[in-house]
Structure formats: C-alpha cells, structure tokens
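None of these values were measured; they are calculated from a predicted model.
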Amino acid sequence: MSNSYSDQGGFSRHCLVDCLGPTQYVPIAKACALANKAGEKRFDAEVYGVRSTFSSYQYRVWSFENVQKRYQALTGSNKSFADEALESAGVMPVLMADGIVQAGHF
C-alpha cells in the first residue's frame, strides 16, 4: 500500500522528517554525543525552540552513533532518498557535521 510519503528501503519520508527532524531527536542526540565525548554529564539543547538542560546517557550516544553509521552505509537509491529527505527536513548537514561520534563504551 502506498502513501503520500513514498516509502523506500525501509524508510519513510514522514518518519525521517518527523522523527529525526531538526526540532527534536537530532539536537538532543548530537549534543548528548558531543557532551559525552567531552566527558560532560549534562548538556544544553534546543527542542521545539525551548533551550533546556539534559543528562548525558550512554545509550543515547550509542543510538546516535548507530543512526550515523546506518546513514553512512546507505547506497544507491536508498542513499539518494535519505539525502533528499534529510536535507529538506533540515537534518543535514547537522547529522554528520562532526563525523561519527563514537560512544566508546558499547
């Protein structure tokens, strides 16, 4: 069954835009990963326009690393689809701007 979001390779444009969008997952996960890398237990991030302080959790860092690795592993039409969706959602280049941030403990 088809919808208005044109599914390809297990991704839907709707999920990429709404779940990874620049207003929720990416800012928190990226800030958490960078804070963890710097040895910080707390970090600030803006979500839906509100700046807040969050705790750094190893699982969040690990999951962000895996999102980055899965994106990096995409090829062909799946990569093209993801690039277009992530760029239009404002997720790129932020998602990969600092390279893959290693969790280090898992």
*Asks:* Pro27 and Ala45: which non-hydrogen atoms are nearest, and at how many Å?
*Replies:*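 Looking at all heavy atoms of both residues, the shortest contact is O-CB, 3.9 Å.
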
*Asks:* With clusters built from Ile, Leu, Val, Met, Phe, Trp and Tyr whose side-chain heavy atoms come within less than 4.5 Å, directly or transitively, what are the remaining members of the cluster of Tyr57, listed by chain and number?
*Replies:* none

*Asks:* Taking the side chain as everything from C-beta on, heavy atoms only, tell me whether Tyr71 gets closer than 4.5 Å to Ile100.
*Replies:* no

*Asks:* Just jot down the salt bridge (Lys or Arg N to Asp or Glu O under 4.0 Å) partners of Asp44, sequence neighbours excluded, or say none.
*Replies:* none

*Asks:* Considering only heavy atoms from C-beta outward, does the side chain of Glu46 approach that of Val50 to under 4.5 Å?
*Replies:* no

*Asks:* Given side chains that start at C-beta, do those of Leu95 and Phe64 come closer than 4.5 Å, heavy atoms only?
*Replies:*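 Yes, side chains in contact.
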
*Asks:* Looking at residues at least two apart in the chain, or sitting in another chain, which of them share a salt bridge (Lys or Arg N to Asp or Glu O under 4.0 Å) with Lys37?
*Replies:* none

*Asks:* Hey, is the main chain of Trp62 close enough, under 3.5 Å, to the side chain of Asn66 for a donor-acceptor pair?
*Replies:*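 Judged by distance alone, yes, a pair lies under 3.5 Å.
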
*Asks:* What I want to check is whether the side chains of Ser55 and Arg42 have a donor and an acceptor closer together than 3.5 Å.
*Replies:* yes

*Asks:* Does the Gln68 side chain pair with the main chain of Met96, one donor and one acceptor, at a distance under 3.5 Å?
*Replies:*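 Looks like no, no N/O pair under 3.5 Å.
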
*Asks:* Going by salt bridge (Lys or Arg N to Asp or Glu O under 4.0 Å), name the pairs with one or both residues in residues 53-67, residues two or more places apart or in two chains.
*Replies:* Glu65-Lys69

*Asks:* For Phe54, enumerate each residue passing the ring-ring contact (aromatic ring centres under 6.0 Å, His included) test, keeping only those at least two apart in sequence or located in another chain.
*Replies:* Phe43

*Asks:* I need the full list of salt bridge (Lys or Arg N to Asp or Glu O under 4.0 Å) pairs touching residues 87-104, with sequence neighbours left out, sorted by first then second residue.
*Replies:* Lys30-Asp98

